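The model shown is predicted, which means the values in this text are computed figures rather than measured ones.
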Amino acid sequence: MIPQEDIQLAPPSRRSERVKRVRNIIFLKDVAALGLSAFGGPQAHLAMMLRLLVDKRRYLTAAELLELTALCQILPGPTSTQTITAIGFRLGGPNLAYLTLLVWMLPAVCIMTAAGLTISYLDKAQVARLVQYVQPVAIGFVAYSAYKIAEKVIHTKTSVALMVVAAMLVYQFQVPWLMPLLLLLGGLVTTFRYRKLPQEPKVPLRIEWSNFVLWLGVFVGAAVLGQYTQLLPCACSRTSTATAASCLGAGRC
């Protein structure tokens, strides 16, 4: 018998590396398709991700996607961007996550930049007529997405009660701090019912601090440049970074 210490695992074959690279390219193409077609905010995006990334491509399960979305909703910043970036990180590590972020935001950045540059040359009344039907379409997206999400997550009396109470409170009190408060209350109810939920085996947590240091460097760098320079892009970057770091509860907040 060969001693255990002499056994070495064979390096990954070129075929497996090629398959992984092709899968990552297909995933980025799917992200680009979502970036070009995902309208209506995080709730609508989730329904589209369920259809494309879960049902069609099977990159992850519906439960895993919902878990990621729930986690990203209690983090500062845009929920959809964090969710799609987390999926990229899960599939291909930090490099694919950075590429996913770039591909996801590029269509919106290009469209909004073009709109910002051209809107000043258009008649305001004409612009108002062009966008008057945008809100009804967005409401349709969100309503359909709410139905699809409810099919996945509303299965108990407690979840139905939480949904009804949250909907009534949000409709009655349209204030920014209500959304984070409702998320915390929902988590608190889950905590009380923790023993009744399916238990998962505990896995040791391994944090890659290099990615956190990179994020912190970008955050601090944007703040310093915005504070000590008079350049408008730097000031806008500082303001948007501070806003993203303090907003919880997805786009409606």
Side-chain angles (χ1 to χ4, degrees), residues 12 16-111 141-142 144-153 183 186-187 198 200-201 203-216 218-219 244-245 247-253:
S16 63
E17 291 293 333
R18 192 181 304 114
V19 170
K20 184 177 180 181
R21 190 180 303 113
V22 172
R23 185 197 64 175
N24 292 343
I25 293 174
I26 295 175
F27 172 72
L28 291 176
K29 289 174 62 178
D30 293 333
V31 173
L34 287 173
L36 288 169
S37 60
F39 296 92
Q43 292 77 19
H45 298 170
L46 179 57
M48 297 178 183
M49 291 178 188
L50 283 169
R51 178 182 57 82
L52 179 59
L53 304 183
V54 174
D55 297 335
K56 183 177 180 180
R57 297 297 191 187
R58 302 187 184 278
Y59 294 120
L60 69 172
T61 65
E64 290 170 339
L65 177 58
L66 293 172
E67 189 75 17
L68 278 177
T69 304
L71 174 63
C72 293
Q73 280 188 327
I74 63 174
L75 297 176
T79 301
S80 302
T81 302
Q82 292 170 338
T83 301
I84 197 71
T85 304
I87 296 173
F89 183 85
R90 181 180 181 276
L91 294 177
N95 293 335
L96 185 60
Y98 297 139
L99 289 174
T100 301
L101 176 62
L102 178 63
V103 173
W104 168 260
M105 71 179 187
L106 191 60
V109 170
C110 294
I111 292 173
F141 275 120
V142 174
Y144 170 75
S145 301
Y147 171 74
K148 299 298 292 184
I149 296 170
E151 286 184 332
K152 300 290 185 180
V153 301
L183 291 173
E200 297 182 358
V203 179
L205 182 63
R206 187 175 65 88
I207 302 176
E208 297 188 12
W209 291 104
S210 58
N211 299 312
F212 176 77
V213 172
L214 176 61
W215 172 85
L216 185 62
V218 173
F219 185 85
C247 289
L248 295 90
R252 297 299 176 268
C253 183

_Would you compute the distance between atom NZ of Lys20 and atom CG of Leu96 and round it to the nearest 0.5 angstrom?_
9.0 Å
*What closest approach, in Å, do Cys72 and Gln82 show between heavy atoms, and which atom pair accounts for it?*
O-OE1, 3.0 Å
*asked:* Return the CH2 to CG distance between Trp209 and Leu216, rounded to the nearest 0.5 Å.
replied: 11.0 Å
*Single hit among Leu99, Val103, Val22, Ile87 for side-chain contact (heavy atoms from CB on, under 4.5 Å) with Phe27*: Ile87
*May I have the step-by-step check of side-chain contact (heavy atoms from CB on, under 4.5 Å) for Leu60 and Leu91, ending in yes or no?*
CA-CA 9 Å; Leu60 69 172; Leu91 294 177; over 6 Å; no
_Can you tell me how far apart CG (Leu68) and CZ (Arg90) are? Round to the nearest 0.5 Å._
7.5 Å
_Return the CE to CG distance between Met49 and Asp30, rounded to the nearest 0.5 Å._
11.5 Å
*Under 4.0 Å between a Lys/Arg side-chain N and an Asp/Glu carboxylate O for Glu151 and Lys148?*
yes
*For Glu67, look at atom CD and say whether over 12 heavy atoms of other residues, nucleotides or ligands are found less than 6.0 Å away.*
no
_Distance-minimising heavy-atom pair for Gly35 and Pro107_ = O-CB, 3.7 Å
*Between CZ of Arg57 and CG of Leu53, what distance do you get to the nearest 0.5 Å?*
9.0 Å
*Side-chain contact, heavy-atom cut-off 4.5 Å: Thr69 with Leu65?*
yes
*asked:* Main chain of Gly92, side chain of Arg23: is a donor-acceptor contact present, judged purely on distance under 3.5 Å?
replied: no
*Report yes if some heavy atom in the side chain of Val54 is under 4.5 Å from a heavy atom in the side chain of Arg51; otherwise report no.*
no
_Over all atoms of both residues, closest heavy-atom pair of Ser37 and Met48_ = O-CE, 3.6 Å
*If you measure from OG1 on Thr100 to CD1 on Ile84, what distance do you get to the nearest 0.5 Å?*
7.0 Å
_Under 3.5 Å side-chain donor-acceptor pair for Thr81 and Trp104_ = yes
